[in-house]
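This report refers to the structure that appears directly beneath it.
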Amino acid sequence: MTITLYNTLSRKKDVFEPLDPASVRMYVCGPTVYDYAHIGNARPVIVFDVLFRLLRQVYGAAHVTYVRNITDVDDKIIARAAEAGVDIRTLTETTNAQFQADVTALGCLPPTVQPRATEHIEEMVALIQVLIERGHAYKAEGHVLFDVPSMAEYGHLSNRSVEEMQAGARVEVAPYKKDPMDFVLWKPAPEGEQGFESALGRGRPGWHIECSAMAKAHLGEVFDIHGGGIDLVFPHHENEIAQSRCAHGSHEMARYWMHNGYLQVEGEKMSKSLGNFITVNEVLKDWPGETARLAMLMTHYRQPINWTVKSLSEAQKTLTSWYEAIGEEALPSEDAQPHDAVFAALRDDLNTPKAIAELHQLKSQPAHLKAAAGLLGLLTKSGADWAELTRVEAGVSDAEIEAAIAARLQAREDKDWAEADRIRDELLEKGIVLKDGPEGTSWDVQG
C-alpha cells in the first residue's frame, strides 16, 4: 500500500518509507498565538490533517504521532499584549482557544501533541549549549547566534545561493554578527519584558530554535515528515535543519519535507492594506466549516489557491448534493475501508482534486461515499443535520420559512402574483427552494 509524497528536500515525489512503521512521526509548524488565524493559516492545518488521516488509515491510529506546536513567546505577542493592555498569558490563552475552536470547526482532528514553546525553554537552552560546544554557535553582546558558515550544506532545502539567501533572509544586520546570515538562537530580554532565567542569561529564544527543540522532545532527533507553508522553507525550515543537524550530528532532521502553496483572495495577495484580509473566524460566520474545508481541498495542496466566494458556493452545493445522496445513511464503522479510487488518489501525494472527482462517482453508493469522504474529513453529519445547518447559515429559520410560505399562499389567493413571486425569489436567494404540488407547498435546501 504505497504512499508517494513530494519531498521539497529531494525536489521530487518520493515513496514514503517511515523509519519505523509502528511509530510514524510528523511535525507541522503551528500558530503564533497573538491574533485570529487567517485563511492562509488554515491551509496547512487542513492539508496536514488530511495527511494525518491518511497515515492513520494506512498504519493504524495508534502508530501515528502528529505534533503541531504553539508559539507563545514571540516579539509580536509581546507587542500585541502591550497594545491591548493585557498580560501575555491572558493573550496567548485567549488566542489559542480561538484557534482551537476555529480549526475544530474546519473538521480537523486534534494533533497527538500540541506543545507550547514556553514549556520547552530548558530544552531550547540545552540545544543551544550543545551548538556552542560544537562550534556552531557563539555568544555576542548578550545574544547567542548560529554560525551559518559552520554548516557546509546550509541552503540545500531551499536550493538557494548565498546571495539569494542574504536577499531573502530579512535578518537583522548587526555589528556583533560574524556573518550577515547568522541568526539569533537566544536574545536578551530587557527589564519589564517577557524573559526566562537561564545559563545563557535572562532572555528568550529565537523563533527557529523553538521548533527544533519541540520536535526533538516529542519525535526524537530524526523523524519522518516535517510540514508547513511554502513561506516557511526559507529561512525557518532551513534554519531548523541547520540547528538540529549540527546539534545532533545527524545527516537529516526529517526525511520528508512537505509544503503547501500560497493563498490569494479573489485573485490578489491577501493583505490588510487591500482590505481582503480574512480570518477563519470571519469565514465561519458566513459558511459552515465543512464548506470552507472542501473549498480548500478542491485545489492540490502544492498549487497556489485562489480563495473566492464562488469556490465556497460551489463547495457548498457539492456538499448539499452529497448529503442528499447519503440521506440518513448510518455512519460507517471505524474499520470501514474507503473506496479504492479515493484512497489511491490520496496516496498519490494527497491528490485531493482527484479524490473529490472520485467521490462524485459514488453518489449512487451512499455507504461508500460516506466512508471515502471521511478520509478527507467530509460528510461527518447526517443529511438532516446538514440541511438544518445550511438553513441557519443562510440566515433563515424553519419558522421564518413556514411564515413566508403562508404569506405567499395568501398572496396567491389574493391573485397578487408579483408578491408571491417576490417571496419565492427572496427565499431562493437564501438557498431555499419552494416546490408546489397537489398537497400544497413544500421546501428544500438548494442543491
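A salt bridge does not link Lys76 with Asp35: every distance from a Lys NZ or Arg NE/NH1/NH2 to an Asp or Glu carboxylate oxygen is 4.0 Å or more. Salt-bridge annotation for Asp75 and Arg204: present, with a side-chain N of the basic residue lying under 4.0 Å from a carboxylate O of the acidic one. Under 4.0 Å is where a charged nitrogen must lie from a carboxylate oxygen, and between Glu93 and Arg116 at least one such pair does. The pair Asp349-Arg302 meets the salt-bridge criterion, since a charged nitrogen lies less than 4.0 angstrom from a carboxylate oxygen. Under the 4.0 Å criterion applied to side-chain N and carboxylate O atoms, Glu238 and Arg160 are not assigned as salt-bridge partners.
Contact detail for Ala254 and His226: the closest heavy-atom pair is CB-CB, 3.8 Å. Taking every heavy atom of both residues into account, Met124 and Ala213 meet most closely at CG-CB, 3.5 Å. Across all non-hydrogen atoms, the minimal contact from Phe196 to Trp186 is O-CZ2, 3.7 Å. What you find for Ser244 and Ser212 is that their closest heavy atoms are OG-OG, 2.9 Å. Shortest non-hydrogen contact noted between Pro18 and Val24 is CB-CG2, 4.0 Å. Considering all non-hydrogen atoms of both residues, Lys370 and Lys381 come closest at NZ-O, 2.6 Å.
Checking Glu123, His248, His120, Met253 one by one against Lys216, the side-chain contact (heavy atoms from CB on, under 4.5 Å) holds for a single residue, His248. Considering Phe277, Phe99, Trp307 as possible partners of His38, the one that fulfils the ring-ring contact (aromatic ring centres under 6.0 Å, His included) test is Phe277.
Within the model, atoms CG of Asp102 and OH of Tyr36 stand 8.0 Å from one another, a figure rounded to the nearest 0.5 Å.
Taking the six-membered ring where the residue is Trp, Tyr323 and Trp386 present parallel rings, their angle staying beneath 30° rather than reaching 60°. In this pair, His237 and His259 present their aromatic rings tilted. The plane angle is within the 30 to 60° band.
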Audit row: Asn239, Gln243, side chain to side chain donor-acceptor pair (under 3.5 Å) steps and yes/no
CA-CA 6 Å; Asn239 290 350; Gln243 296 162 163; 6.0 Å; no

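Counting heavy atoms from C-beta outward, Ile128 and Ile209 have side chains that approach closer than 4.5 Å. In this structure, the side chains of Ile356 and Leu294 come closer than 4.5 Å at one or more pairs of heavy atoms. At a threshold of 4.5 Å between non-hydrogen side-chain atoms, the residues Pro21 and His63 do not count as touching.
Both the sub-6.0 Å distance and the 45° axial angle are not jointly satisfied by Arg25 relative to the ring of Tyr27.
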